[in-house]
2 protein chains.
Amino acid sequence: MRGRTRRAILAAAASALARDRGATLADIAEAAQVGRSTLHRYFPDRQELLNATIVDSFRVVEQSIAAAAVHQGPPREAMRRLITAMVDVGDRLAFLFGDPRVLEESTACFEPDASVPTALSLIERGQAEGVFDPQVSAEWIQEMLYAITYTGWEAAERGLLPRHGVTSTVIRTFENGLAVRP
Amino acid sequence: MRGRTRRAILAAAASALARDRGATLADIAEAAQVGRSTLHRYFPDRQELLNATIVDSFRVVEQSIAAAAVHQGPPREAMRRLITAMVDVGDRLAFLFGDPRVLEESTACFEPDASVPTALSLIERGQAEGVFDPQVSAEWIQEMLYAITYTGWEAAERGLLPRHGVTSTVIRTFENGLAVRP
DNA sequence: TGTTTTTGGGACATTGATGTCCCACAATGA
DNA sequence: TCATTGTGGGACATCAATGTCCCAAAAACA
């Protein structure tokens, strides 16, 4: 099926580019188990593949985050669901946010999406309710949310953390930091 | 002076490669305000420049970290000095740790250095004294130490955080996380 | 079965980065 | 001042990635 091949290429592209942003089209084609000609048939040039991968990854991430229903329930619980959802799509996040340049390009092929404001609004709600640190900006909390999740994903990737322990470790670090309260 | 030019190239390389690991030799030469010929005269090929930049960055980072004297005093204070030292050499850290592949290559041109164990030993000491979270591994704390510092450096780079506020924000996040303790 | 669609691989041209060489020019120092 | 050293830029070959085209084989479908 044609849609099948397309999805395989996009998934392979996100995964390969997350691990190495300099990955060759040949690398990606091989990862997708597809000939380089076929890849070019679906995506005429590298830029188009990149754009399509960005759009697709946003879609996957958005979908996963939407399922977390971050606007419902207490902020702390909502954040835990959000983190779980983000860890689940770690490779897509690593692709999108692992390299600042990818994000810049996204504005060229994608309108400001709804998922980021979603996380930000949860953070702001949590700050208003006194659950998240009000001494730092909501944007900083959001940056750290991505950073901790990414670090957890990468740690699992390198075998430093067991896959099943990533979510709880990320949540724990997000909530408590690394020091014991005095 | 010859050493002067060499240092300028190495600093420019670390800085340029931290912001864009695909930076061209022409880009680096321009950033160092030096002709491409001159760059090649000092470093015959890209790999040699990369190796030299790795070695030099490790040296700079080690030196800065050494000044923090992390083996002295209470772990919490030592960690604050360490974080301050790391933020000071943020661009070098971003170059060394921003891309996992750079770190892999470093083993090819550099023996396992003394600075990383230094951070790790501080963490282990702090855990033993009940100052740092004993529920997660020391390696995880070390990963997060780099991740938070890097995020702070990048946030300042993008104007999201004021330069003078980076250190305190990083320390605060490291110690307390992003949630308010219940 | 025969027809249509999709695929994989080979054979190019093109492009951009890289590495080499050379020479004129500027800076440094005796 | 002259001589040595370091520098910048141009010219060039090389190489890897990219993009295009074509055709035979495989797969999907009737």
Side-chain angles (χ1 to χ4, degrees), chain A residues 1-57 94-96 98-102 104-106 108-109, chain B residues 1-57 94-96 98-102 104-106 108-109:
Chain A
M1 194 192 300
R2 199 163 162 84
R4 181 86 188 143
T5 304
R6 184 187 158 87
R7 274 192 298 275
I9 292 176
L10 289 174
S15 180
L17 291 172
R19 287 170 184 75
D20 172 17
R21 92 180 180 201
T24 280
L25 294 186
D27 295 338
I28 296 172
E30 189 185 357
Q33 293 181 305
V34 149
R36 196 167 67 93
S37 318
T38 302
L39 191 154
H40 263 108
R41 194 169 293 124
Y42 281 80
F43 306 98
D45 57 43
R46 186 184 178 87
Q47 193 55 51
E48 281 211 38
L49 172 62
L50 210 58
N51 289 346
T53 306
I54 290 172
V55 171
D56 182 66
S57 292
F95 163 66
L96 287 174
D99 176 11
R101 308 172 75 78
V102 171
E104 288 170 20
E105 284 176 10
S106 73
C109 66
Chain B
M1 191 192 300
R2 200 165 160 82
R4 181 88 188 141
T5 305
R6 182 187 158 88
R7 274 191 297 275
I9 293 176
L10 289 174
S15 181
L17 291 171
R19 287 169 184 74
D20 172 16
R21 93 181 181 198
T24 279
L25 294 186
D27 295 338
I28 297 172
E30 189 185 357
Q33 292 180 306
V34 147
R36 197 166 68 92
S37 316
T38 303
L39 192 154
H40 263 107
R41 195 169 292 122
Y42 282 80
F43 307 97
D45 58 42
R46 185 183 178 88
Q47 193 55 50
E48 280 209 38
L49 172 62
L50 209 58
N51 290 346
T53 307
I54 290 173
V55 171
D56 182 66
S57 292
F95 162 66
L96 287 174
D99 175 11
R101 308 172 73 81
V102 172
E104 289 170 20
E105 284 176 10
S106 72
C109 65

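Predicted, not measured: the structure shown is a model, and the values here were computed from it. So that the names make sense, note that chain A is the first sequence line, chain B the second, and so on, each numbered from 1.
Between B:Phe43 and B:Arg6 there is a side-chain heavy-atom pair separated by less than 4.5 Å. Side-chain contact between B:Asp27 and B:Arg19 is absent, with no heavy-atom pair separated by less than 4.5 Å. Under the 4.5 Å side-chain criterion, counting only non-hydrogen atoms from C-beta, A:His40 is not in contact with A:Asp45. Put simply, the side chain of A:Arg21 reaches to within 4.5 Å of the side chain of A:Arg101, judged on heavy atoms. Side-chain atoms of B:Leu10 and B:Tyr42, non-hydrogen and from C-beta on, never get closer than 4.5 Å to each other. Put simply, the side chain of A:Leu50 does not reach to within 4.5 Å of the side chain of A:Val102, judged on heavy atoms.
Put simply, chain B comes within 4.0 Å of DNA chain C, heavy atom to any atom, from C:dA17 to C:dT20, going 5' to 3'.
Within 4.0 Å of A:Arg41, counting heavy atoms only, lies at least one base atom of the nucleic acid.
Less than 4.0 Å separates DNA chain D from at least one heavy atom of each of the following residues of residues 7-38 of chain A: A:Thr24, A:Leu25, A:Arg36.
One distance of note links CD of A:Glu30 with CD of A:Gln33; it measures 9.5 Å at 0.5 Å rounding. For the atom pair A:Asn51 CG and A:Asp56 CG, the distance stands at 12.5 Å (nearest 0.5 Å).
Between the C1' atom of D:dG19 and the OH atom of A:Tyr42 lies a distance of 18 Å, rounded to the nearest Å. Distance B:His40 NE2 to D:dT7 C1': 15 Å, rounded to the nearest Å. Distance, B:Arg6 CZ to D:dT7 P: 13 Å, rounded to whole Å. Here the P atom of nucleotide D:dC15 and the CZ atom of B:Arg46 are 18 Å apart, to the nearest Å.
Across every non-hydrogen atom of B:Ile9 and B:Leu39, the tightest pair is CD1-CA, 4.1 Å.
The number of heavy-atom neighbours closer than 6.0 Å to CD of A:Gln47, taken from other residues, nucleotides and ligands shown, is above 12.
Taking the C1' atoms of five terminal pairs at each end of the helix from C:dT1-D:dA30 to C:dA30-D:dT1, the two resulting helix axes are inclined by 30°, rounded to 10°.
One N or O on the side chain of B:Ser57 and one on the backbone of B:Thr53 form a donor-acceptor pair closer than 3.5 Å.
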